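Have a look at the structure below before the remarks.
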Number of protein chains: 2
Amino acid sequence: MPTVRDWEALDRIKRASVGQLLIKGARLMQERFLARINRQGPKVTLRRAHTSLLPHIDQHGTRLTELARRLGITKQAAGQLVSDLESMALLERVDDPRDGRAKLVRFTKRGLESIHDGLSVLRQIESELEAVLGKTKMRQLHEALLVVVDELSRPEP
Amino acid sequence: MPTVRDWEALDRIKRASVGQLLIKGARLMQERFLARINRQGPKVTLRRAHTSLLPHIDQHGTRLTELARRLGITKQAAGQLVSDLESMALLERVDDPRDGRAKLVRFTKRGLESIHDGLSVLRQIESELEAVLGKTKMRQLHEALLVVVDELSRPEP
DNA sequence: ACTAAATGGTCAAGGACGATTTACTAAACG
DNA sequence: CGTTTAGTAAATCGTCCTTGACCATTTAGT
């Protein structure tokens, strides 16, 4: 039977939970990022799935299957995302010289410029965070997040 | 024209970006949480939208309209989530004695027990993080995230 | 070399989720 | 009263992803 004491405990946990703060912070970060990107120009409309694809495009291009593998989705799903970004002229498919079946997905000139713009928006937001956190705590946050991502990336026990 | 130097810069930024680490960490956290919750019993299947609703249910019940407002969605959308959770016997709708039109959404006994279970899963994951981070860095992470959430919660400049 | 299996990719259909719009009932408020 | 507020109902939508079928090419087995 739930008591008032139980509820106070729940409240304390909710406020104290690193996990919940992490999730909330990430959501806010993503919203702010997409809002600024899509505000500063009617060029294209990036969606969440696109932004999770883009970081996996390598300098010399990446195969669709490899992208799908890295994202943990089917190659059809990855193909759809690539097609979207292709129609925005951010990505292009070129034949892979080492395999006649394969194509390499890579940035267009414009896509690369857009990525640079995007990263500068990200840096801007991060510098706003650093302004309130301070340099030291920002560095600590960065280090801690590296460890967190590393730990959570390993398979479940 | 993109150069190799540009690419190296991009790579450095990607690895260094607090924003991207935050988003990735949150995604991994949520995945691990839902996986464990849904693994330790075939009782119910919680989805992401449900877990974002639950923390807003107050001790004495919360009105649907208020839930919708807090979540930033329409009351119909909130109503649907509540209906889902109701059919899992985690929530119930009761008449609000202070307003004949209104109903209060509140936890059932079972729902509250499940919440406790859920929070203990969360604490478990967090303790695993603390095991690799160390107590001090875990505390620093917590404090930094509080500031980050606070800063990102304020309206856009 | 020749065929069989594996691999890279595309097309089409559609499902799950998380919402929205529009329309409605019932109660409260003033 | 008439207007506002709480909630429900039904249809639909956008996003993101899957399944299934298929073609072209490479790789392996014998």
Side-chain angles (χ1 to χ4, degrees), chain A residues 23 26-27 30-31 33-35 37-38 44-58 60-88 91-106, chain B residues 23 26-27 30-31 33-35 37-38 44-58 60-88 91-106:
Chain A
I23 288 165
R27 190 176 47 75
Q30 198 143 27
E31 281 170 7
F33 177 74
L34 286 177
I37 286 289
N38 293 325
V44 296
T45 302
L46 275 191
R47 294 185 313 237
R48 208 170 45 79
H50 298 143
T51 64
S52 58
L53 171 76
L54 293 176
H56 295 292
I57 311 274
D58 298 323
H60 301 296
T62 308
R63 292 189 190 170
L64 192 64
T65 305
E66 173 63 12
L67 286 176
R69 194 192 59 74
R70 292 184 194 173
L71 289 168
I73 61 179
T74 59
K75 53 189 183 176
Q76 294 93 321
Q80 183 62 51
L81 294 177
V82 168
S83 294
D84 291 345
L85 291 161
E86 205 173 29
S87 72
M88 298 175 197
L91 296 181
E92 60 186 352
R93 289 168 158 102
V94 298
D95 291 336
D96 186 338
R98 289 170 305 179
D99 189 329
R101 298 164 301 177
K103 293 180 182 173
L104 292 174
V105 176
R106 67 181 191 194
Chain B
I23 288 166
R27 189 174 48 75
Q30 199 143 27
E31 280 169 7
F33 177 76
L34 287 177
I37 286 289
N38 293 325
V44 296
T45 303
L46 278 191
R47 297 187 311 248
R48 206 172 48 80
H50 299 142
T51 63
S52 58
L53 171 75
L54 293 176
H56 295 292
I57 311 274
D58 297 323
H60 301 296
T62 308
R63 291 188 191 172
L64 192 63
T65 304
E66 173 63 14
L67 285 176
R69 194 192 59 73
R70 291 185 193 172
L71 288 167
I73 61 179
T74 60
K75 52 189 182 175
Q76 293 92 327
Q80 186 145 340
L81 293 177
V82 169
S83 294
D84 290 346
L85 291 162
E86 205 173 28
S87 73
M88 298 174 195
L91 296 181
E92 60 187 350
R93 289 168 159 102
V94 299
D95 290 335
D96 186 337
R98 289 168 306 179
D99 189 330
R101 299 164 301 177
K103 293 181 181 173
L104 292 175
V105 177
R106 69 181 191 194

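Lettering of chains follows the sequences in order, A, B, ..., and the numbering in each one begins at 1. Note that this is a predicted model, so its numbers are computed, not measured.
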### A:Thr74 vs D:dC17: side-chain N/O to OP1/OP2 distance below 4.0 Å
no
### side-chain hydrogen bond (donor to acceptor under 3.5 Å, both in side chains) partners for A:Arg70, two or more places apart
A:Asp58, A:Glu66
### Task
Using the test side chain to side chain contact (heavy atoms under 4.5 Å, CB included), find all partners of B:Ser83 that sit at least two apart in sequence or belong to another chain.
B:Arg93
### Query
C:dG18 C1' sits how many Å from B:Leu46 CG, rounded?
16 Å
### Task
Over all heavy atoms of both residues, which pair between A:Gly61 and A:Arg106 is shortest? Give the atoms and the distance, please.
CA-CB, 3.7 Å
### Message
If you compare every side-chain N and O of A:Arg63 against the phosphate oxygens of C:dT7 (OP1, OP2), does one of them come in below 4.0 Å?
### Response
no
### Message
Suppose we screen for side-chain hydrogen bond (donor to acceptor under 3.5 Å, both in side chains). Which residues come up paired with B:Glu31, at least two apart in sequence or across chains?
### Response
B:Arg27
#### Entry: Closest to the B:Ala77 side chain, choosing from C:dT20, D:dC17, D:dG7
C:dT20
### Task
Could you state the atom-to-atom distance from CG of A:Leu53 to P of D:dC16 in whole Å?
11 Å
## Note on the structure
Here the gap from A:Leu53 atom CG to A:Ile73 atom CD1, rounded to the nearest 0.5 Å, amounts to 7.5 Å
### Axis bend over the full length of the helix from C:dA1-D:dT30 to C:dG30-D:dC1, computed from five pairs that close each end, to 10 degrees
20°
### Task
Just jot down the side chain to side chain contact (heavy atoms under 4.5 Å, CB included) partners of B:Arg101, sequence neighbours excluded, or say none.
B:Asp99
### Summary
For A:Lys75, the side chain to side chain contact (heavy atoms under 4.5 Å, CB included) test, sequence neighbours excluded, returns A:Ala68
### Message
Rounding to an integer number of Å, can you tell me how far B:Arg27 CZ sits from D:dC17 P?
### Response
10 Å
### Query
How long is the gap from NE2 on B:His50 to OG1 on B:Thr45, to the nearest 0.5 Å?
9.5 Å
### For B:Asp95, all residues meeting side-chain hydrogen bond (donor to acceptor under 3.5 Å, both in side chains), sequence neighbours excluded
none
### Summary
To the nearest angstrom, the CD1-P distance between B:Ile73 and C:dC17 comes to 16 Å
### Task
Using whole Å, report how far CD of B:Glu92 lies from P of D:dG7.
15 Å
### Query
Closer to the 5' end of DNA chain D via nearest nucleotide, is it B:Gln80 or A:Ser52?
B:Gln80
### Message
Between P on C:dG8 and CG on A:Leu104, what's the gap in Å once rounded to a whole number?
### Response
12 Å
### For atom NZ of A:Lys103 and atom C1' of C:dC11, their distance in whole Å
13 Å
### Task
Measure from CG on B:Leu81 to P on C:dC17 and round the result to the nearest Å.
12 Å
### Query
Within the structure shown, what part of the strands sits under 4.0 Å from B:Arg93 by heavy-atom distance: base, sugar-phosphate, or nothing?
sugar-phosphate
### Task
Summarise how protein sits on nucleotides 23-30 of chain C as a single string, 5' to 3': B when a protein heavy atom is under 4.0 Å from the base, S for sugar-phosphate-only contact, - for no contact.
B--BBS--
### Message
Classify B:Thr65 by what it touches in the nucleic acid, base, sugar-phosphate, or nothing, heavy-atom distance under 4.0 Å.
### Response
sugar-phosphate
### Summary
Between B:Leu67 and B:Ile57, the two heavy atoms sitting closest are CD1-CD1, 4.0 Å
### Query
side chain to side chain contact (heavy atoms under 4.5 Å, CB included) with A:Ala49: which residues, sequence neighbours excluded?
A:Leu81
### side-chain hydrogen bond (donor to acceptor under 3.5 Å, both in side chains) partners for A:Gln80, two or more places apart
A:Asp84
Atom pairs, protein N/O to nucleotides 13-15 of chain D N/O, distance under 3.5 Å:
none

